[in-house]
Amino acid sequence: MMTARLIRPSLLDRLPPVRGRYEPMADLGKLSWFRVGGPAEVLFTPADAEDLSAFLKSRPDGVPTTIIGLGSNILVRDGGVPGVVIRLGKAFSTVTTAGQSVRCGAGIADASVAIAARDAAIAGLEFLTGIPGTIGGALRMNAGAYGHEIKDVFISATALDTSGNVRVLAAKDMDFSYRRTGVDDGWVFIGAELKGELGDRETITSRIREIRNEREESQPTQARTGGSTFANPTGQKAWALIDDAGCRGLTFGGARVSEKHTNFLLNTGTATATDLENLGEDVRRRVLDNSGVNLHWEIKRIGVAASDPAAITGSGAL
Ligand SMILES: Cc1cc2nc3c(=O)[nH]c(=O)nc-3n(C[C@H](O)[C@H](O)[C@H](O)COP(=O)(O)OP(=O)(O)OC[C@H]3O[C@@H](n4cnc5c(N)ncnc54)[C@H](O)[C@@H]3O)c2cc1C
């Protein structure tokens, strides 16, 4: 029997021509650390900033867009992501240094920026070594570790607004707070200028090594995870609240609360996004019952459930 999904018109046919790449029905599971979730209706890898800007200027009304980085802080729901998912490619992975400043594209891995800073003997960016995302994701999340966050090393960012116009943002425009920025969710960061201080290359190198070792010891860094699931409530540690509520090792389907770091959820190999989301909600309920604290998701959940009428399936999206 023909369903509504089967007669949905092709999104690809309605999108403007680009120099980059459109990939319909792209598997987002392999682009996210959790390794779960449905496809992107269309995945767009822009050739460069001009290509992305032209796309944003001319995309048809009503087509939702979602930007992802290295997928280390997202949970892609099982019904996939309707509309266009944007992922920055090679053109956004540049990095240059001058004096104490580092200019980079928003698609570059945080760790590569830390290494470029080290090579230029710029200290203060070592913390980026431990954050497995891109600079775009780090700007959006005000990512941080070991007492430093992006806002401490921030000079400026360049973004494209929802109409494709270039915006240059100073610190006050970023409205940084704990693991968030106030910048419109639809804006795409395309680059940043960060600052450190002139330092000693040997000292920077050993700090980077120290951070790597500490990470290995304290976090399930090789696992299918999404990093810290919940934001730390003011003055408290989410992992301790979760532990106190007896959630260490708690499971739901193929999802489990890490025993190494209780604020990390794990896909043990067979989890669906629904398992992970249900487990997270179960943890939230137990913590609320136990301590009265309402945890908030730090992980960004994107897309729709498999049961949602907007779910992306192979049948009708093309
Ligand atoms: C093992 C592990 C350890 C982690 N440790 C830390 C840690 O110590 N500190 C910490 O802060 N985080 C940590 N994280 C979480 C995660 O790495 C960070 O939040 C990171 O900044 C996300 O970057 P990403 O490129 O992977 O973004 P994604 O996960 O792909 O996306 C995260 C959010 O950023 C947005 N986004 C991505 N790129 C852009 C862009 N170019 N423009 C606008 N918005 C964008 C997305 O829309 C989404 O809302 C950890 C994660 C894992 C898996």
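Note that ligands are numbered from 1 as they come in the structure, with each ligand's atoms numbered from 1 the same way. Starting from 1, each residue takes its place in the sequence as its number.
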Ligand-side contact atoms (ligand 1) for residue partner Ala143, heavy atom cut-off under 4.0 Å | 11 (O), 21 (O)
Closest to atom 40 (C) of ligand 1 among Thr66, Ile67, Asn73, Leu52 (heavy-atom distance) | Ile67
Counting only heavy atoms not in Lys57, do more than 12 fall under 6.0 Å of its NZ?
-> yes
Compute the minimum heavy-atom distance from Arg179 to ligand 1 and say whether it is under 4.0 Å.
-> yes
Answer with side chain, backbone, both or neither: which part of Arg215 has a heavy atom less than 4.0 angstrom from an atom of ligand 1?
-> side chain
Ion pair present between Arg14 and Glu41, side-chain N to carboxylate O less than 4.0 angstrom?
-> no
For Ala138, the atoms of ligand 1 under 4.0 Å from one of its heavy atoms are 21 (O)
In ligand 1, the atoms that come under 4.0 Å of a heavy atom of Gly144 are 7 (C), 8 (O), 9 (N), 10 (C), 11 (O)
Just going by heavy-atom distances, which of Gly137, Ala223, Gly186 is nearest to atom 27 (O) of ligand 1?
-> Gly137
Could you pull out the closest heavy-atom pair between Ile208 and Ala114, with the gap in Å?
-> CD1-O, 4.1 Å
Tell me: protein heavy atom nearest atom 41 (N) of ligand 1, and distance?
-> Phe189 O, 3.0 Å
Between Asp185 and ligand 1, which residue portion shows a heavy-atom distance shorter than 4.0 Å: side chain, backbone, both, or neither?
-> neither
Without hydrogens or angle criteria, can the side chains of Thr262 and Asp243 be said to hold a donor-acceptor pair below 3.5 Å?
-> no
Kindly indicate, with the supporting measurements, whether the criterion salt bridge (charged side-chain N to carboxylate O under 4.0 Å, His left out) is fulfilled by Arg285 and Asp289.
-> CA-CA 6 Å; Arg285 263 191 306 273; Asp289 287 350; over 6 Å; no
Under 6.0 Å from the six-membered ring centre of Phe44 and within 45° of its axis: does the NZ or CZ of Arg59 meet both?
-> no
Output all residues satisfying side-chain hydrogen bond (donor to acceptor under 3.5 Å, both in side chains) with Arg118, sequence neighbours left out; order by chain, then residue number.
-> none
Run the numbers for me: atoms of ligand 1, each under 4.0 Å from some heavy atom of Met141, listed by number.
-> 19 (O), 33 (C)
Taking the non-hydrogen atoms of Trp187, is any one of them nearer than 4.0 angstrom to ligand 1?
-> yes
Trp239, CH2: over 12 other non-hydrogen atoms inside 6.0 angstrom = no
Return yes when atom NZ of Lys90 has more than 12 non-hydrogen atoms of other residues, nucleotides or ligands closer than 6.0 Å, and no otherwise.
-> no
Please state which part of Trp33 comes within less than 4.0 Å of ligand 1, counting heavy atoms only: side chain, backbone, both or neither.
-> side chain
Atom 31 (O) of ligand 1 [closest protein heavy-atom partner, distance rounded to 0.1 Å] = Ile74 CG2, 3.6 Å
Counterpart residues, side-chain hydrogen bond (donor to acceptor under 3.5 Å, both in side chains), relative to Arg179 (two or more places apart) | Glu149
Just which atoms of ligand 1 are under 4.0 Å from any heavy atom in Leu88?
-> 41 (N)
Heavy-atom neighbours of Arg103 CZ exceed 12 at 6.0 Å = no
Atom indices of ligand 1, in the order listed, that fall short of 4.0 Å to a heavy atom of Ala145 | 8 (O)
Nearest heavy atom to atom 14 (N) of ligand 1, choosing from Ser218, Pro132, Ala192, belongs to Pro132
Report, in ascending order of atom number, the atoms of ligand 1 lying under 4.0 Å from any heavy atom of Val188.
-> 42 (N)
Among all protein heavy atoms, pick out the one at the shortest distance from atom 34 (O) of ligand 1; state its residue, atom name and that distance to 0.1 Å.
-> Arg140 CG, 3.3 Å
Nearest option to atom 30 (O) of ligand 1, as decided by whichever heavy atom of Ser72, Gly69, Ala159 sits closest | Gly69
Note: ligand 1 atoms sitting under 4.0 Å from heavy atoms of Gly227 are 2 (C), 50 (C), 51 (C), 52 (C), 53 (C)
Taking the side chain as every heavy atom from C-beta outward, state whether Asp244 and Ser291 have any atom pair closer than 4.5 Å.
-> no
